[in-house]
Student: 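Have a look at this one before I ask anything.
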Amino acid sequence: MELRSLRHFIAVVEEGGMTAAADALRISQPALSRQMSGLEDELGVTLFIRGNRAREIELTSEGRLLYRRAREIMELADRARSEMRDGHDIAGDVHIAAAQSAVMRVVARAAVLLRERHPNITVQLHDDFGANIMERLDNGLADFGVLVQPADMGRYGSLPLPGGDPMGLLMRRDHPLAGRIGIGPQDLDGVPLIVPRGVLGRGDLSGWLGRCAKRLRVVGTTNLMYNAGCFVREGYACAVGPRGMVDTSPESGLCFRPFEPAVSTHLAIAWKDDRPMPPAAEAFLEALREVL
């Protein structure tokens, strides 16, 4: 597969059809259609469900998979081109995939030190959760991943990050539990909850919940507490998550109550140590070690 064909395939998907993509790419629509047909022939699959008109186009399951992989391939190609162009100057991007946490302030301090030393380095943040962060690390789409522990760190280099996030319940100020100082496992019985996706996968609260775990009523999952806060504010559910991620001032209409007994998350930053690290990433890791 040629990179040019993949770029054009991405354009067809993102522009919503052959005609719009051809206009954006400044090539003829018949030429683009032939190129896409050639890509299908090369792969031996059908990528598009074509409608009666050129603008009506829908991806098959194979097309959706190729779109995901094509974006990853182009991101890697663009990064490689940037790193080669930078030569001996320490410049370029450092990609950090991270779970939401106040501990990111430590990572931010390292970024400040990095910018002071190398102003041509840019930090690219990707908000995500455990499994996706590891996939980005493994595929080379992230230089570093900030992971909530426990996680399988055996195939990574890593450093523990100091501090942690007290966990608790985000709710409306008029919720019956808002009058509590703390929230116990039995208080969650029957309460509709939005839960961070990683918390469910790791079983972070299994020990804290004990026998109450079977009665947990999960009605949604999230990667971003801000988005969960919007649902909480509208009365959809309460949200389990770390303290300090959402505005809980009196004007917000929301409040946060910590879990009792206390539960806190702990995080570590990881990187693939079985392949060469780009100079910009090496410079960031050096700055991080100094901050820590």
Side-chain angles (χ1 to χ4, degrees), residues 1-11 13-15 24-25 66-148 151 153 155-161 198 223-224 226-227 245 267-292:
M1 290 180 290
E2 295 182 356
L3 293 181
R4 182 167 173 268
S5 295
L6 293 179
R7 284 194 189 279
H8 288 183
F9 170 72
I10 292 171
V13 177
E14 295 183 347
E15 295 294 333
L25 296 168
L66 180 63
Y67 176 63
R68 178 182 177 187
R69 295 308 183 197
R71 291 186 62 183
E72 293 177 353
I73 290 168
M74 297 316 306
E75 185 175 340
L76 287 172
D78 291 341
R79 288 193 61 188
R81 186 179 294 109
S82 175
E83 291 164 6
M84 295 302 103
R85 187 170 57 243
D86 293 335
H88 296 294
D89 296 331
I90 301 183
D93 296 331
V94 176
H95 291 259
I96 303 173
Q100 276 197 314
S101 171
V103 174
M104 285 297 291
R105 294 182 63 183
V106 177
V107 179
R109 293 184 197 119
V112 171
L113 180 58
L114 179 71
R115 188 175 62 186
E116 291 172 354
R117 294 175 175 174
H118 308 291
N120 293 323
I121 295 178
T122 302
V123 175
Q124 304 285 346
L125 295 175
H126 307 271
D127 295 314
D128 223 318
F129 72 104
N132 286 359
I133 292 173
M134 289 180 169
E135 183 178 1
R136 293 189 72 88
L137 283 172
D138 294 340
N139 291 345
L141 297 176
D143 300 301
F144 300 95
V146 178
L147 293 161
V148 178
M153 308 293 279
R155 61 185 188 274
Y156 306 113
S158 64
L159 288 170
L161 295 174
N223 291 335
L224 298 173
Y226 176 84
N227 290 346
M245 297 294 104
L267 295 95
I269 188 165
W271 61 90
K272 291 290 286 184
D273 58 1
D274 59 353
R275 61 179 175 232
M277 186 177 286
E282 288 184 350
F284 172 80
L285 184 56
E286 179 181 350
L288 181 63
R289 290 185 189 276
E290 291 187 33
V291 167
L292 291 177

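Residues take their numbers from the sequence shown, with the count starting at 1. Treat the numbers as computed from the prediction; the structure is a model and nothing was measured.
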Student: Go through it in stages, so that I can follow the logic: the residues are H95 and E75, the test is side-chain contact (heavy atoms from CB on, under 4.5 Å), and I'd like the CA-CA distance, side-chain angles, deciding distance and then a yes or no.
Tutor: CA-CA 11 Å; H95 291 259; E75 185 175 340; 3.9 Å; yes
Student: Side chains of V107 and V291, heavy atoms from C-beta outward: is any pair under 4.5 Å?
Tutor: no
Student: Tell me, yes or no, whether the heavy-atom count around R71 atom CZ, taken from other residues, nucleotides or ligands under 6.0 Å, exceeds 12.
Tutor: no
Student: For R68, what residues pass the side chain to side chain donor-acceptor pair (under 3.5 Å) criterion, not counting sequence neighbours?
Tutor: E135
Student: Who pairs with N223 by side chain to side chain contact (heavy atoms under 4.5 Å, CB included), at least two apart in sequence or on another chain?
Tutor: D128, F129, R197
Student: With sequence neighbours excluded, what pairs up with L125 under the side chain to side chain contact (heavy atoms under 4.5 Å, CB included) test?
Tutor: I96, M104, V123
Student: Do you know which two heavy atoms are closest between S101 and M245, and how far apart they sit?
Tutor: C-CE, 3.8 Å
Student: For L3, give me all partners under side chain to side chain contact (heavy atoms under 4.5 Å, CB included), at least two apart in sequence or on another chain.
Tutor: I73, M74, A77
Student: Please name the pair of heavy atoms, one in R69 and one in N139, separated by the smallest distance, quoted to 0.1 Å.
Tutor: NH1-ND2, 3.9 Å
Student: Taking only residues two or more places apart in sequence, or in another chain, which ones meet E14 in a side chain to side chain donor-acceptor pair (under 3.5 Å)?
Tutor: Y67
Student: Can you name the salt bridge (charged side-chain N to carboxylate O under 4.0 Å, His left out) partners of D138, sequence neighbours left out?
Tutor: R155, K272
Student: Let's go through M277 and D143 carefully: what are the C-alpha distance in whole Å and the side-chain angles of both, what is the deciding distance for side-chain contact (heavy atoms from CB on, under 4.5 Å) to 0.1 Å, and is it a yes or a no?
Tutor: CA-CA 8 Å; M277 186 177 286; D143 300 301; 5.7 Å; no
Student: Can you name the closest pair of heavy atoms from L147 and A270 and give their distance?
Tutor: CD1-CB, 4.1 Å
Student: Looking only at heavy atoms, which two atoms of A97 and A142 are closest? And how far apart?
Tutor: CB-CB, 4.1 Å
Student: Before you tell me yes or no, could you show the steps for V146 and L161 under side-chain contact (heavy atoms from CB on, under 4.5 Å), namely the whole-Å CA-CA distance, both residues' side-chain angles and the distance that decides it to 0.1 Å?
Tutor: CA-CA 9 Å; V146 178; L161 295 174; 3.9 Å; yes
Student: Should we count CZ of R275 as having more than 12 external heavy atoms under 6.0 Å?
Tutor: yes
Student: In sequence, state the C-alpha distance, the side-chain angles, and the governing distance for L66 and L6, and then conclude on side-chain contact (heavy atoms from CB on, under 4.5 Å).
Tutor: CA-CA 9 Å; L66 180 63; L6 293 179; 4.2 Å; yes
Student: At their closest point, which heavy atom of I133 faces which heavy atom of A98, and how far apart are they?
Tutor: CD1-C, 3.7 Å
Student: Measure the spacing between CG of L113 and CD of E286 and express it to the nearest 0.5 Å.
Tutor: 8.5 Å
Student: With sequence neighbours left out, write down each residue that passes side chain to side chain contact (heavy atoms under 4.5 Å, CB included) with A280, or none if nothing qualifies.
Tutor: V94, I121
Student: When the ring planes of F144 and F284 are compared, do they come out parallel, tilted or perpendicular, using 30° and 60° as the limits?
Tutor: tilted
Student: Restricting to side chain to side chain donor-acceptor pair (under 3.5 Å), what partner residues turn up for R7, sequence neighbours left out?
Tutor: D78
Student: State the OH-CG distance between Y156 and D273, to the nearest 0.5 angstrom.
Tutor: 10.5 Å
Student: Mind checking the CD-CG spacing from Q100 to N227? Nearest 0.5 Å is all I need.
Tutor: 8.5 Å
Student: Mind checking side chain to side chain donor-acceptor pair (under 3.5 Å) for E290 and listing every partner two or more places apart, or none if nothing turns up?
Tutor: R117
Student: Could you report the tightest heavy-atom contact between A287 and L114, atom names first, then the distance?
Tutor: CB-N, 4.2 Å
